[in-house]
Amino acid sequence: MVEPIPPITLPPARHPEQEGAWLQQNLRQWLDQEFLPEAINGTIAQRAAQIYVRQRMEDENDLGALVMAIISEMQAFDFSQSFYSEFAVANAVSDILLDSLGIDRCCGQ
């Protein structure tokens, strides 16, 4: 039987606004590199970072819960001028955070 991947918990946020600025910059770079650099990518990155910061300020450290919050709240965002969706953005945030923690995205280790 295959063992489930355990939840991934981020360290407690010491400076959530600083984390948010870092995430916004890295997400914008990811969005620009994945398809085309577009002005809307900055808006998408800013909104995702705002959600992330608010969640971290509310002591949310579970990566899965953070991803679900981004998906849920980004559903109201108008992605009509973008190649992306709330799912792509939340997955990118997850990948960026996992990379920063040195966790292999393939196998959760």
Side-chain angles (χ1 to χ4, degrees):
M1 181 171 180
V2 176
E3 293 282 326
I5 296 173
I8 296 171
T9 304
L10 302 177
R14 292 187 178 165
H15 306 285
E17 294 88 3
Q18 193 174 21
E19 286 182 28
W22 172 85
L23 179 62
Q24 182 176 341
Q25 177 185 2
N26 281 276
L27 180 57
R28 172 70 188 260
Q29 288 175 351
W30 185 92
L31 294 168
D32 286 347
Q33 291 173 355
E34 196 67 17
F35 284 108
L36 298 171
E38 298 179 303
I40 192 71
N41 290 349
T43 306
I44 293 169
Q46 180 182 29
R47 180 67 186 121
Q50 287 172 342
I51 296 165
Y52 173 83
V53 168
R54 190 181 71 257
Q55 291 291 314
R56 295 289 277 157
M57 290 177 83
E58 294 174 359
D59 296 324
E60 184 58 71
N61 297 325
D62 181 78
L63 182 59
L66 288 166
V67 167
M68 293 306 294
I70 292 169
I71 290 170
S72 177
E73 293 190 41
M74 292 293 291
Q75 285 179 341
F77 188 86
D78 179 9
F79 283 98
S80 64
Q81 298 177 17
S82 172
F83 290 104
Y84 301 103
S85 70
E86 63 273 16
F87 296 101
V89 171
N91 284 332
V93 168
S94 176
D95 287 350
I96 291 166
L97 293 171
L98 289 173
D99 286 347
S100 76
L101 295 170
I103 297 173
D104 183 0
R105 291 182 264 148
C106 165
C107 306
Q109 299 177 6

Atom CD of residue position Gln18 - does it have more than 12 heavy atoms of other residues, nucleotides or ligands inside 6.0 Å?
no

So with a 6.0 Å cut-off around CD of Gln81, is the heavy-atom count from everything else above 12?
no

For Ser94 and Leu63, work out which heavy atoms get closest and say how close.
OG-CD2, 3.7 Å

Looking only at heavy atoms, what is the nearest atom pair of Asn41 and Leu36, with distance?
ND2-O, 3.2 Å

Let me confirm one number: the [atom1]-[atom2] distance from [X] to [Y], rounded to the nearest 0.5 Å.
X	Y	atom1	atom2	result
Ile96	Leu27	CD1	CG	5.0 Å
Ile44	Asp78	CD1	CG	9.5 Å
Leu97	Leu10	CG	CG	6.0 Å
Leu31	Asn26	CG	CG	11.0 Å

Which salt bridge (Lys or Arg N to Asp or Glu O under 4.0 Å) pairs, counting each pair once, include a residue from residues 29-39, with sequence neighbours left out?
Arg28-Asp32

side-chain contact (heavy atoms from CB on, under 4.5 Å) with [X]: which residues, sequence neighbours excluded?
X	value
Ser85	Phe87, Ala88
Ser72	none
Met57	Pro16, Glu17, Val53
Gln24	Ala45, Gln46, Ala49

Let me see the working for Leu66 and Val93 under side chain to side chain contact (heavy atoms under 4.5 Å, CB included), right down to the final yes or no.
CA-CA 9 Å; Leu66 288 166; Val93 168; over 6 Å; no

With a 4.5 Å heavy-atom cut-off, do [X] and [Y] have their side chains touching?
X	Y	result
Leu101	Pro11	yes
Phe77	Ser82	no
Tyr52	Glu19	yes
Ile70	Val67	no

Tell me, please, which residues at least two apart from Asp99 pass salt bridge (charged side-chain N to carboxylate O under 4.0 Å, His left out).
Arg105

Report the residues that fulfil salt bridge (charged side-chain N to carboxylate O under 4.0 Å, His left out) with Glu73, sequence neighbours left out, ordered by chain and then residue number.
Arg47, Arg54

Listing request: all side-chain hydrogen bond (donor to acceptor under 3.5 Å, both in side chains) pairs with a residue in residues 58-71, at least two apart in sequence or in separate chains.
Arg56-Asn61

My understanding is that only residues two or more places apart in sequence, or in another chain, count here; which of them pass ring-ring contact (aromatic ring centres under 6.0 Å, His included) with Tyr84?
Trp30, Phe35

